[in-house]
Each structure stands twice: as structure tokens, then as C-alpha cells.
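Residues take their numbers from the sequence shown, with the count starting at 1. Keep in mind it's a predicted model, so treat the numbers as computed, not measured. All ligand and atom numbering here is 1-based and tracks the order in the structure.
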Amino acid sequence: MLLMKDIIREGHPTLRRIAKEVPLPPDPADIETLKSMKEFLINSQDPVISEKYGIRGGVGLAAPQINVSKRMFVMRLNDEKGEEHDYSFINPKIVSHSVEKSYLTSGEGCLSVDRSIPGYVQRHARITVKGYNEKGEEIKLRLRGLPAIVFQHELDHLNGVMFYDHIDEKNPFQLKEGAIPIE
Ligand SMILES: O=CN(O)C[C@@H](CC1CCCC1)C(=O)N1NCCC[C@H]1C(=O)Nc1ccccn1
Ligand code: NI
């Protein structure tokens, strides 16, 4: 099972690389990798297992974070309506997005960043996304709220972007007109 020791931290070159597209249909090794990443998120959200193995709670995980430079990530979270969002994406893309921005009022963190960095990360408030699941079936979704934020944080990892790259150093809590706060 994946543990925190398997998560690479900032400074590791893989975090700044552009991850490679995954050939479809995905091969068994890639499917296995995705499964282990999903299991990591489930464990990280389990009070007993996360405590026992010292795993930091996560709502998303991208393959580059376990030093696999491939375009795939998993998400597992509940949105503000308490609806469960549980996805594995292969070769994900944003096909369109709102002009409006949204941001986490608590700022963002990252399992690959062992320090807290203050500031708002403004992201597209609503996105239409496309990708493939572990069966190689195409997925097309419209996301908003926390799921949209998480998708964009994970997609950044596939492009070598860290959340703090989006924070304005001079005015980290500056907000664009009409940005939507997400608690
Ligand atoms: O690339 C993937 N990662 O680095 C794991 C990150 C991904 C999230 C960070 C912001 C958007 C996606 C992660 O989940 N965290 N970052 C470290 C602190 C804990 C945890 C977290 O933010 N949890 C959370 C957030 C909102 C609601 C509930 N829980
Ligand atoms: Ni991250």
C-alpha cells in the first residue's frame, strides 16, 4: 500500500515535469497504479488507518506525486451538498471554463509540500472536463465548487505546476472581481 514515504516532495524534479499521455486502452500496470492511488486516498480519509500509518488526509492525488510521470490522477471528496465525487482520470483535459473564479477560503496545501503557504489560489469556478477512466471509457463532466478546485490542482501536477505558483507574492490575498469563496 502507498504511504507518505512514497510521495515525492518539492525539490524532486518529477514535480516540475510535464507528465506523458497514457496510451489507451490503459495497460494493467497503469490500472494498478490508479487503484493504489485511490486506495491511498481512502486510507488517508479513514481515521483509524490514517492514524496508524501517519497518512495526511487527501482529496486528490496525481501520479507524478508518486514519481510516475503519467497523465492520470484520482479524486475522492464530498461536495458542499454532501455528494460523493469519486473519480479516476486518465489523460484529463479542461474543454471549457467560466470566466468567474473561485478559491478555497483556507488557501491550498499539497501532500508534496511540507510547509504552509498563505494566500488565495484563484481557479476557474466552473469547468467542463474530459478524460478516460480505468476501463478506457470516455468521461465528460461539468464541475463546480470543491470538485472543480481539486480537478484543477491535480491537473496542475500533470503540467509541473504547484499551487503556490498561482499566489501573488506581493498581495497573496488579493481577489479578482466576483471571485466565489469556497469554505
Ligand atoms: O495533489 C494532491 N494533493 O496534494 C492533496 C491535496 C489536494 C487538495 C489541495 C487543495 C485542493 C486539492 C489535499 O487533499 N490536501 N493538501 C494538504 C492538506 C490536506 C489536503 C486537503 O486539502 N484536504 C481537504 C481540502 C478541502 C476539503 C477537505 N479536505
Ligand atoms: Ni498537490
Side-chain angles (χ1 to χ4, degrees), residues 1-19 33-34 36-47 49-51 53-90 92 94 97 101-127 129 131 141 143-167 172-173 175 179-183:
M1 67 187 267
L2 285 174
L3 297 168
M4 287 308 292
K5 67 173 176 49
D6 301 304
I7 306 241
I8 60 174
R9 309 299 156 90
E10 51 181 337
H12 190 302
T14 301
L15 284 174
R16 288 299 191 183
R17 284 175 55 195
I18 305 282
T33 301
L34 270 176
S36 69
M37 289 163 62
K38 180 58 65 78
E39 183 204 34
F40 175 88
L41 288 189
I42 294 168
N43 289 341
S44 82
Q45 295 170 13
D46 179 303
I49 301 177
S50 60
E51 173 71 29
Y53 293 97
I55 306 174
R56 262 179 101 189
V59 290
L61 188 69
Q65 292 183 278
I66 55 168
N67 203 17
V68 173
S69 197
K70 294 186 175 183
R71 301 189 77 81
M72 45 194 210
F73 61 69
V74 295
M75 295 169 48
R76 179 181 165 82
L77 61 107
N78 295 305
D79 65 19
E80 62 283 351
K81 299 189 195 85
E83 234 174 273
E84 167 105 357
H85 292 260
D86 197 336
Y87 313 116
S88 298
F89 280 105
I90 294 173
I94 292 176
H97 61 78
K101 302 290 184 197
S102 67
Y103 63 98
L104 289 185
T105 53
S106 55
E108 293 193 11
C110 182
L111 293 179
S112 297
V113 178
D114 293 329
R115 58 196 171 112
S116 67
I117 299 169
Y120 290 141
V121 179
Q122 296 180 93
R123 297 185 183 278
H124 306 308
R126 291 175 302 285
I127 51 178
V129 305
L141 294 169
L143 300 175
R144 64 184 60 208
L146 180 60
I149 299 279
V150 177
F151 186 99
Q152 292 171 80
H153 176 109
E154 303 315 328
L155 187 63
D156 272 354
H157 277 306
L158 307 187
N159 296 322
V161 175
M162 301 296 279
F163 73 90
Y164 47 78
D165 299 343
H166 300 285
I167 296 175
F173 293 95
L175 286 172
I180 300 165
I182 299 177
E183 305 301 328

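Counting non-hydrogen atoms of other residues, nucleotides and ligands closer than 6.0 Å to CZ of R144 gives a total of 12 or fewer. Within a 6.0 Å sphere centred on CD of E51, heavy atoms belonging to other residues, nucleotides or ligands number 12 at most.
On a distance-only criterion, I149 and ligand 1 share no N/O pair closer than 3.5 Å. In terms of N/O distances under 3.5 Å, ligand 1 is not approached by V150. Considering backbone and side-chain N/O atoms, S112 never comes within less than 3.5 Å of an N/O atom of ligand 1. Where the criterion is an N or O separation shorter than 3.5 Å, residue side chain and backbone included, Q65 meets it with respect to ligand 1.
For the pair R126/H97, no side-chain contact is recorded, criterion being any heavy-atom separation below 4.5 Å from C-beta on. At least one side-chain heavy atom of F40 sits less than 4.5 Å from a side-chain heavy atom of L111. V161 has its side chain out of reach of Q152: every pair of non-hydrogen atoms, C-beta onward, lies at least 4.5 Å apart. I149 is listed as a side-chain neighbour of S102, based on a closest heavy-atom distance under 4.5 Å.
With the Ni ion (ligand 2) as vertex, H153 NE2 and H157 NE2 subtend 100°, rounded to 10°.
Ranking protein heavy atoms by distance to atom 27 (C) of ligand 1, first place goes to L146 CD2, 3.9 Å. The single protein non-hydrogen atom nearest to atom 14 (O) of ligand 1 is V59 N, 2.8 Å, given as residue, atom name and distance.
Note on ring orientation: taking the six-membered ring where Trp is involved, the planes of H157 and H153 are perpendicular (angle over 60°, cut-offs 30° and 60°).
For ligand 1, the atoms lying closer than 4.0 Å to a non-hydrogen atom of E154 are 1 (O), 2 (C), 7 (C). Close approach of ligand 1 to G58 is summarised as follows: ligand atoms under 4.0 Å from at least one heavy atom of the residue are 14 (O). Within the listing of ligand 1, atoms 17 (C), 18 (C) sit less than 4.0 angstrom from a heavy atom of R56. The atoms of ligand 1 that sit less than 4.0 Å from any heavy atom of G109 are 9 (C), 16 (N), 17 (C).
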* Hey, mind stepping through E10 and R16 against salt bridge (Lys or Arg N to Asp or Glu O under 4.0 Å) and telling me if it holds? -> CA-CA 9 Å; E10 51 181 337; R16 288 299 191 183; over 6 Å; no
* Just do the ring-ring contact (aromatic ring centres under 6.0 Å, His included) check on F151 and F89 with the steps written out, would you? => CA-CA 10 Å; F151 186 99; F89 280 105; 5.0 Å; yes
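Distances shorter than 4.0 angstrom do not occur between any heavy atom of A62 and any atom of ligand 1.
Atom 22 (O) of ligand 1 is not flagged as protein-proximal [any protein heavy atom, distance under 4.0 Å].
The closest heavy-atom contact to atom 11 (C) of ligand 1, among the options H153, Q152, R123, comes from H153.
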